[in-house]
Colleague: 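Structure incoming, see below.
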Amino acid sequence: MGHPFPIREIARQAGLSAATVDRVLNGRGGVRESTAREVERAIADLDRQRTQVRLVGRTFMVDIVMQTPERFSTAVRAALEAELPSLHPAVVRSRFHFRETGPVDDLVAILDRTARRGSQGVILKAPDTPEVTAAVGRLVAAGIPVVTLVTDLPASARLAYVGIDNRAAGATAAYLMGQWLGDRPGNVLTSLSSGFFRNEEEREMGFRGAMRARQPGRALVEIAEGQGLDATQYDLVRAALDRDPEIRAVYSIGGGNIATLRAFADAGRECAVFVAHDLDHDNTRLLREHRLSAVLHHDLRHDMREACHIVMRAHGALPPAGPTLPSAIQVVTPYNLPPDFRTGG
């Protein structure tokens with residue numbers, strides 16, 4: 001496991017003791033396989049980040065904790081690491097804790113472990129449950145500022161929320177849907193990954209309210225709990241299509257769009273309008289192939305930079321600023337993809 005990093009630096013990145021890291025690196029045994037993987041991940045993170053940051057000046061260790069499909073966590077990681085140079089002269093080092101799904105207790109355990117071992121800040125995307133809210137309170141009590149990303153926990157002690165106005169995003173989707181469907185008949189499928197994410201609930205409410213005002217005669221068919229994962233999403237969409245032969249369009253709030261389109265194709269049905277969220281690698285490819293009508297996007301690099309600035313302000317490293325404003329909602333079609341998204345796989 002060749003690397004140029006001191007054991008103390010690896011230990012800090014991994015959140016382990018120097019003695020444990022030393023045992024892993026020198027193959028002395030007595031450590032779990034999962035611990036060895038944490039050391040490997042820490043070295044990989046350090047290696048990737050050292051090309052983008054100077055190890056001088058004030059350093060902030062920030063933990064990124066997210067429950068989200070891999071395609072979105074990959075986009076968040078890339079956005080943060082692309083922004084690291086812009087944060088100089090401060091240096092932000094990051095530890096990533098990503099999971100696609102699982103019990104809330106496991107997520108709470110990650111937050112509590114972070115509170116015990118220490119951190120300069122936590123950037124969090126998590127379901128809005130009492131258990132998570134309580135864990136955020138314990139982090140803040142330990143002196144660790146928490147910034148929610150993409151989806152908020154308004155009843156918690158979090159310091160700020162960074163992301164779009166989700167009700168406005170849902171209403172925007174309804175406006176586009178109404179414009180493109182026009183007078184054509186057909187119902188609209190709304191797809192949520194989970195009812196426990198506040199951002200998805202707010203998008204759905206914004207969409208439903210605007211559709212009720214603009215196209216009151218059009219039925220909305222909701223599916224949920226696909227977790228944004230293709231395997232579960234396909235079955236939910238296929239069952240909805242079997243139940244309702246009038247579904248002609250989709251507002252995808254929670255992802256799994258490749259599976260949704262496959263379900264339409266396998267059912268021999270056309271999806272006349274498809275509005276989705278986020279320019280992750282799946283949606284970017286689907287847009288280039290003209291299989292999505294539009295994607296409601298927000299600049300993740302801006303969001304990650306803002307989240308890091310909030311953490312720095314909490315530690316007095318930057319001057320105070322006004323309230324955090326919602327991120328701009330961008331309507332992206334196959335014809336106005338941002339330059340960084342126009343090519344690739």
Side-chain angles (χ1 to χ4, degrees), residues 58-68 72-73 75-77 79-84 86-87 90-98 107-108 110-112 114-115 118-170 196-203 205-206 277-278 296-330:
R58 189 164 179 180
T59 300
F60 296 86
M61 179 63 76
V62 177
D63 288 85
I64 321 299
V65 183
M66 301 182 67
Q67 180 171 314
T68 191
F72 189 71
S73 60
V76 167
R77 183 196 290 264
L80 174 60
E81 293 179 348
E83 283 301 305
L84 292 179
S86 74
L87 301 172
V91 173
V92 172
R93 309 308 296 261
S94 48
R95 292 185 293 231
F96 298 99
H97 314 271
F98 295 153
L107 185 61
V108 168
I110 293 171
L111 298 176
D112 285 342
T114 302
S119 177
Q120 273 72 57
V122 170
I123 299 173
L124 177 64
K125 178 183 182 293
D128 187 4
T129 69
E131 297 86 353
V132 173
T133 295
V136 169
R138 292 190 289 273
L139 282 164
V140 173
I144 301 172
V146 177
V147 179
T148 52
L149 177 72
V150 178
T151 184
D152 199 10
L153 302 169
S156 74
R158 60 93 171 121
L159 183 59
Y161 161 71
V162 173
I164 60 175
D165 179 332
N166 286 292
R167 286 198 187 222
F196 290 104
F197 285 99
R198 180 168 288 267
N199 66 325
E200 296 192 16
E201 179 185 23
E202 290 178 345
R203 291 173 187 178
M205 287 190 291
H277 279 271
D278 301 317
L296 301 180
H297 180 61
H298 53 109
D299 186 348
L300 274 177
R301 288 184 58 169
H302 168 274
D303 288 354
M304 297 309 294
R305 182 171 66 250
E306 180 63 21
C308 290
H309 284 169
I310 292 168
V311 169
M312 292 177 190
R313 289 189 195 104
H315 292 281
L318 290 176
T324 303
L325 299 176
S327 304
I329 302 169
Q330 304 172 31

Colleague: State, yes or no, whether a side-chain contact exists between Met66 and Val76 at a heavy-atom distance under 4.5 Å.
Modeller: yes
Colleague: Compare all side-chain heavy atoms of Ser86 with those of Arg301 and state whether any distance is below 4.5 angstrom.
Modeller: no
Colleague: Work out which heavy atom in Leu87 is nearest to a heavy atom in Arg305; give both atom names and the distance.
Modeller: CD2-CG, 4.2 Å
Colleague: From Arg167 CZ over to Glu201 CD, what is the distance, rounded to the nearest 0.5 angstrom?
Modeller: 8.0 Å
Colleague: Kindly determine whether Cys308 and Leu80 satisfy side chain to side chain contact (heavy atoms under 4.5 Å, CB included), including the steps that lead there.
Modeller: CA-CA 9 Å; Cys308 290; Leu80 174 60; 3.7 Å; yes
Colleague: Drop me the distance from Gln67's CD to Leu124's CG, to the nearest 0.5 angstrom.
Modeller: 10.0 Å
Colleague: Would you give the length of the straight line joining atom OG1 of Thr324 to atom CD of Glu306, rounded to the nearest 0.5 angstrom?
Modeller: 5.0 Å
Colleague: Let me confirm one number: the CG-CZ distance from Asp112 to Arg138, rounded to the nearest 0.5 Å.
Modeller: 4.0 Å
Colleague: Does any part of the side chain of Leu139, heavy atoms only, come nearer than 4.5 Å to the side chain of Arg158, both counted from C-beta?
Modeller: no
Colleague: Taking all non-hydrogen atoms of both residues into account, name the closest pair between Pro127 and Leu153 and its distance.
Modeller: O-CD2, 3.6 Å
Colleague: Is the terminal nitrogen or CZ of Arg77 (NZ for Lys, CZ for Arg) located under 6.0 angstrom from the six-membered ring centre of Phe98 and within 45° of that ring's axis?
Modeller: no
Colleague: Report the distance from atom CE of Met61 to atom OG1 of Thr114, rounding to the nearest 0.5 Å.
Modeller: 11.5 Å
Colleague: Do you know which two heavy atoms are closest between Asn166 and Tyr161, and how far apart they sit?
Modeller: ND2-OH, 3.2 Å
Colleague: Within a radius of less than 6.0 Å around CZ of Phe96, do more than 12 heavy atoms belonging to other residues, nucleotides or ligands occur?
Modeller: yes
Colleague: Begin with the C-alpha distance, continue with both residues' side-chain angles, and end with the deciding distance and a verdict on side chain to side chain contact (heavy atoms under 4.5 Å, CB included) for Thr151 and Asp128.
Modeller: CA-CA 8 Å; Thr151 184; Asp128 187 4; over 6 Å; no
Colleague: So, for Asn199 and Val150, which heavy atoms are closest and what is the spacing to 0.1 Å?
Modeller: CB-O, 3.3 Å
Colleague: Of the non-hydrogen atoms in Asp152 and Thr148, which two are nearest, and what is the gap between them?
Modeller: OD1-OG1, 2.8 Å
Colleague: How far apart are the closest heavy atoms of Leu296 and Ala169, and which atoms are they?
Modeller: CD1-O, 3.3 Å
Colleague: When you look at Gln330 and Asp299, which way does the side chain to side chain contact (heavy atoms under 4.5 Å, CB included) test go after all the steps?
Modeller: CA-CA 8 Å; Gln330 304 172 31; Asp299 186 348; 4.1 Å; yes
Colleague: Is a donor on one side and an acceptor on the other found under 3.5 Å between the side chain of His315 and the backbone of Gln120?
Modeller: yes
Colleague: Determine whether Leu107 and Glu131 satisfy the following criterion, side chain to side chain contact (heavy atoms under 4.5 Å, CB included), listing intermediate values before the conclusion.
Modeller: CA-CA 9 Å; Leu107 185 61; Glu131 297 86 353; over 6 Å; no
Colleague: Can you tell if the side chain of Ile329 reaches within under 4.5 Å of the side chain of His297, non-hydrogen atoms only?
Modeller: no
Colleague: Quick check with a 6.0 Å cut-off and a 45 degree axis cone: is Lys125 positioned over the face of Phe197's six-membered ring?
Modeller: yes
Colleague: Would you check if Ser327 and Leu300 make a side-chain contact, meaning some heavy-atom pair closer than 4.5 Å?
Modeller: no
